Number of protein chains: 2
Amino acid sequence: MQRHSRQRDAILENLCSRYDHPTAEDLYFSLKPKIPALSLATVYRNLSQLETDGKVIRIGSGGTARYDGNVNLHYHLSCLGCSGVVDIFLDDDCGLTEKAEKSFDGTIISHSVLFTGYCSECSKQLG
Amino acid sequence: MQRHSRQRDAILENLCSRYDHPTAEDLYFSLKPKIPALSLATVYRNLSQLETDGKVIRIGSGGTARYDGNVNLHYHLSCLGCSGVVDIFLDDDCGLTEKAEKSFDGTIISHSVLFTGYCSECSKQLG
DNA sequence: AATGATAACGATAACGATTATCGTTATCAG
DNA sequence: CTGATAACGATAATCGTTATCGTTATCATT
């Protein structure tokens, strides 16, 4: 039985109001002023719970995990310059799931695409 | 100046001869009998070197990284049942890179697709 | 073949992100 | 209002990975 919690509300609300794919620690420091008693463990706990509830997406781009409050189908680019993550919106999923299901014998539930390269700003700086 | 090393050869050879996407530790234990003095640090060191040399692919599916000696374009499925990783071969990349380049202002170097679901064996068991 | 510079090694300490523990607090059905 | 317990905060523990450091192996140059 899942109970209501102010902390979980605040975490989800904060995450959904931003588009910079914060880490658990980013969220922690962002919420600390509003909820001084907040613990980092609580942020991790709730992020993983929100993920299993399908309300949040974890982007496991190596080292530190980042989170996204937008659960609609879209992809990400991990920038080699600033090591940030930016959204990549395509019109469709290119039929990736159907093609994959034809080529193998198991069950596909979801998929994620992670591009590697340089974001708009870092691209300009490199010329 | 990169020097030759028996350990690196053995790691690459072992990785390329198998299709189970082993972790660094898997490779370590697999090679230990043949090279008793091998250190786990050496395995990590060489895997990351082989990765930057483009001879190996790191699959950063959350927790523990797995490695793939097949550097040709193909994708992976992370099985929710056995938590293994299996290959997904598609005929093409569905034009993913071109579509993404049109929809955003930066530079794309590569991409990876990770499907989530159940492998052939785990699918059958679930019926 | 011997030499010397240094890349790579092995062992292990350090690191950092995440998870587990545990006593306390907040939620909520009865 | 009350009791059961989900969730909390603080912090210790875990675990994959990286850094350190003294030693060894590689290899271009004698």
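All chains are named by letter (A, B, ...) in the order of the sequence lines, taking the proteins before the strands, and each is independently numbered beginning at 1. A quick note: this is a predicted structure, and the numbers were derived from the prediction, not measured.
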Handout entry: Strand contacts (DNA chain D) in residues 25-48 of chain A, 4.0 angstrom heavy-atom criterion
Key =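 Contacts with DNA chain D under 4.0 Å: A37(A), L38(A), S39(A), A41(A), T42(A), R45(A), N46(A).
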Practice task
Report yes or no: does N14(A) contribute a side-chain atom to a donor-acceptor pair with the main-chain N or O of A10(A) at less than 3.5 Å?
Solution key: no
Exercise for the section: Ignoring hydrogens and angles, tell me if any N or O in the side chain of T52(B) forms a donor-acceptor pair with the backbone of S48(B) under 3.5 Å. Expected result: yes
Side chains of [X] and [Y]: donor-acceptor distance under 3.5 Å anywhere?
X      : Y       : value
S78(A) : T116(A) : no
N70(B) : D68(B)  : no
T23(A) : T64(A)  : no

Handout entry: Five-pair end axes of the helix from dA1(C)-dT30(D) to dG30(C)-dC1(D), angle between them (10°)
Key =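 For the helix from dA1(C)-dT30(D) to dG30(C)-dC1(D), the axes at either end differ by 40°.
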Counterpart residues, salt bridge (charged side-chain N to carboxylate O under 4.0 Å, His left out), relative to [X] (two or more places apart):
X       : result
E121(B) : none
K55(B)  : none
D53(A)  : none

Exercise for the section: Could I get the full list of side chain to side chain contact (heavy atoms under 4.5 Å, CB included) partners for D91(B), not counting sequence neighbours? Expected result: none
Practice task
Assess whether atom CD of E98(B) is packed by more than 12 heavy atoms of other residues, nucleotides or ligands within 6.0 Å.
Solution key: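 More than 12 within 6.0 Å, yes.
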Handout entry: D26(B)/R18(B) salt bridge by N-O under 4.0 Å criterion
Key =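 Answer for the salt bridge query: no.
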Problem - Ionic contact status for K99(A) with D92(B), cut-off 4.0 Å - result: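 Salt bridge between D92(B) and K99(A), a charged N being under 4.0 Å from a carboxylate O: yes.
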Practice task
Output the residues of residues 7-17 of chain B in contact with DNA chain C, where contact means a heavy atom of the residue under 4.0 Å from an atom of the strand; sort by number or write none.
Solution key: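 DNA chain C contact set from residues 7-17 of chain B: Q7(B), R8(B).
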Could you identify which residues cluster with [X], counting Ile, Leu, Val, Met, Phe, Trp and Tyr as linked when any side-chain heavy atoms lie under 4.5 Å apart, either directly or through a chain of such contacts?
X      : answer
L77(B) : L73(A), Y75(A), L77(A), V86(A), I88(A), L90(A), L96(A), F104(A), I108(A), V113(A), F115(A), L73(B), Y75(B), V86(B), I88(B), L90(B), L96(B), F104(B), I108(B), V113(B), F115(B)
V56(A) : I11(A), L12(A), L15(A), L27(A), Y28(A), F29(A), L31(A), I35(A), L38(A), L40(A), V43(A), Y44(A), L47(A), L50(A), Y67(A)
M1(B)  : none

Handout entry: 5' to 3' contact window, DNA chain D with chain A (heavy-atom distance under 4.0 Å)
Key = dA4(D) to dT11(D)
Distances under 3.5 Å only, N/O to N/O: pair up the protein atoms with those of nucleotides 28-30 of chain C.
from, atom 1, to, atom 2, distance (Å)
dC28(C), OP1, H4(A), N, 3.0

